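Have a look at the structure below before the remarks.
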2 protein chains.
Amino acid sequence: MASKKQSPSETVGARIRALRLAANMTQDEFAEKLNVSRSAIAQWETDRAGQIRENMEKIAKILNTSLGYLVSGETGSLQGDELALMRLYRACSAEDRKMLLLTARRLARS
Amino acid sequence: MASKKQSPSETVGARIRALRLAANMTQDEFAEKLNVSRSAIAQWETDRAGQIRENMEKIAKILNTSLGYLVSGETGSLQGDELALMRLYRACSAEDRKMLLLTARRLARS
DNA sequence: GGCGTAATGTTAGTGATACTAACTATATAT
DNA sequence: ATATATAGTTAGTATCACTAACATTACGCC
C-alpha cells in the first residue's frame with residue numbers, strides 16, 4: 001500500500017478534528033474564524049460538549065462539508081471543494097451565475 | 001395551471017410544518033413518533049424554539065429529508081445549471097479548478 | 001345560537017448544556 | 001532548562017429546548 005487509509009471518523013468531534021487538520025488549522029485559528037473560544041473547539045473535538053446549531057453551520061461552511069456528514073458521518077453527494085463551489089454558485093446573482101458557467105465552459109474546453 | 005406552486009419554506013419551522021403536512025400528520029401524531037410533547041412541535045413550527053440535535057435527526061428521518069434542508073433549506077440534489085456546472089468543474093484540470101473556485105469566490109462576494 | 005371536539009397557539013417554569021475563563025499538560029526547539 | 005506553541009481539563013454560568021397547563025381557533029351538528 002502506498003497511501004495510508006484514513007480511518008473514518010466515528011464521532012462528531014473526530015470528524016471536526018480530521019477536517020480541521022486537513023485544512024491545516026490550529027484550534028486557535030479555527031476558533032477565531034468561528035468566533036468562539038479555543039477551549040470550545042477542544043471540547044468539541046474530544047466530544048465533551050456539543051455545538052449549538054449556529055456554530056454547526058459555521059463549521060460546515062468553513063470546513064467545506066455538510067451538516068449530515070458532521071452530525072452522522074453520512075457522506076452525501078458533494079463534499080469539499082465541490083460543495084464549496086456549489087454554495088458559492090448558489091450565493092451568486094443570476095447574472096454572476098451565467099458568468100461562472102461561461103468561465104467553466106471555457107476552462108473545461110481547454 | 002393544474003398544480004399550485006409550493007412556496008419554498010423560509011424558516012426551519014416552516015419547513016418542518018410543510019413536510020409534516022405533506023406527510024398528512026397532525027402535530028399530535030408527529031409528537032408521538034418523536035417522543036416529544038405536542039407543544040414542542042407547535043413551538044418548532046412557529047420558530048419559538050429550536051431543536052436539540054437528537055430531535056433534528058429524528059425529524060429528518062421521519063420526514064424523509066436531510067439536516068441540510070431542515071436547517072438551511074439546502075437541497076442536496078443538483079439539477080439543471082447546478083449539475084452542468086458540476087460536470088464542467090469535474091472536467092477541469094486541478095489548476096483550472098482552482099481558477100474556477102477563485103472566480104466563484106470573487107463573484108459571490110460582491 | 002350554543003355545544004363539542006379536533007387541531008393548534010401561548011406561557012411559565014425548569015433541567016440540561018454549550019459556552020467562557022483560567023489553569024494544566026505535552027511536545028518541540030534553542 | 002526555558003520558552004513557545006498547541007491542546008486538554010475544570011468550574012461556573014447564561015442560555016434555551018423542553019414539559020405541563022391553559023388559551024384559541026375552526027368546524028360540524030343539533
Side-chain angles (χ1 to χ4, degrees), chain A residues 4 6-74, chain B residues 4 6-74:
Chain A
K4 227 172 236 169
Q6 285 280 44
S7 66
S9 309
E10 313 255 319
T11 69
V12 177
R15 284 187 284 274
I16 291 177
R17 165 161 297 170
L19 289 172
R20 172 180 63 80
L21 292 176
N24 260 325
M25 271 189 278
T26 64
Q27 288 185 349
D28 249 317
E29 295 167 332
F30 193 37
E32 196 170 6
K33 290 207 186 204
L34 283 162
N35 260 326
V36 299
S37 67
R38 187 199 54 78
S39 99
I41 311 279
Q43 289 172 82
W44 297 346
E45 295 190 353
T46 49
D47 293 299
R48 260 162 232 278
Q51 308 76 29
I52 60 172
R53 180 146 76 220
E54 183 189 352
N55 286 332
M56 259 320 225
E57 293 189 72
K58 286 192 200 166
I59 293 169
K61 283 228 174 71
I62 292 177
L63 297 180
N64 285 322
T65 189
S66 64
L67 288 175
Y69 178 73
L70 282 180
V71 168
S72 42
E74 72 193 31
Chain B
K4 227 173 235 165
Q6 285 281 37
S7 65
S9 309
E10 313 254 315
T11 70
V12 177
R15 283 186 285 273
I16 291 177
R17 165 162 297 171
L19 290 171
R20 172 180 64 80
L21 290 176
N24 258 325
M25 272 188 278
T26 64
Q27 289 185 349
D28 250 316
E29 295 166 334
F30 194 37
E32 197 170 6
K33 291 205 187 204
L34 284 163
N35 260 326
V36 298
S37 67
R38 186 200 54 79
S39 98
I41 312 279
Q43 288 172 83
W44 296 346
E45 296 190 353
T46 49
D47 294 297
R48 260 161 232 275
Q51 309 76 28
I52 61 174
R53 184 182 310 152
E54 183 191 352
N55 285 333
M56 258 323 223
E57 295 188 69
K58 286 192 201 166
I59 293 168
K61 280 222 179 72
I62 293 177
L63 297 181
N64 283 320
T65 189
S66 67
L67 288 175
Y69 178 72
L70 283 180
V71 169
S72 43
E74 203 173 44

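In what follows, chains are A, B, ... by sequence order, proteins preceding strands, each numbered from 1. All values derive from a computational prediction rather than experimental measurement.
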Which pairs would a plain distance check flag for residues 51-62 of chain B, meaning a side-chain donor or acceptor within less than 3.5 Å of a matching protein atom at least two apart in sequence or in another chain?
| residue | atom | partner | partner atom | Å |
| --- | --- | --- | --- | --- |
| B:Q51 | OE1 | A:R53 | NH1 | 2.9 |
| B:R53 | NH2 | A:Q51 | OE1 | 2.6 |
| B:K58 | NZ | B:L34 | O | 3.3 |

Contact state string [nucleotides 13-30 of chain C, B base, S sugar-phosphate only, - no protein heavy atom under 4.0 Å]: -----SBBBB--------

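For the atom pair OG (A:S37) and CD (A:Q43), the distance works out to 7.0 Å, reported to the nearest 0.5 Å.
Summarising the geometry of A:R17 relative to A:E45, their closest heavy-atom pair is NE-OE1, 2.7 Å, with the distance given to 0.1 Å. Shortest non-hydrogen contact noted between B:R15 and B:Y69 is NE-O, 2.9 Å. Closest approach of A:L63 and A:I16 over heavy atoms only: CD1-O, 4.0 Å.
Look at CZ on B:F30: it is 16 Å from P on C:dA7, rounded to the nearest Å. Rounded to whole Å, atom P of D:dA7 lies 5 Å from atom CD of A:Q27. The CD1-P distance, from B:I16 to C:dT8, rounds to 14 Å in whole Å. Here the P atom of nucleotide C:dT8 and the CG atom of B:D47 are 16 Å apart, to the nearest Å. Protein atom CG of A:L21 is 11 Å distant from nucleotide atom C1' of D:dA7, rounded to whole Å. Rounded to an integer number of Å, the gap from A:E45 CD to D:dG8 P is 7 Å.
With hydrogens and angles disregarded, a donor-acceptor distance shorter than 3.5 Å links the side chain of A:W44 to the backbone of A:G50. For the pair A:R38 (side chain) and A:D28 (backbone), a donor-acceptor distance under 3.5 Å is absent.
Within a heavy-atom distance below 4.0 Å of DNA chain C, no residue of residues 57-67 of chain B is found.
In the displayed structure, B:E29 atom CD is contacted under 6.0 Å by more than 12 heavy atoms of other residues, nucleotides or ligands.
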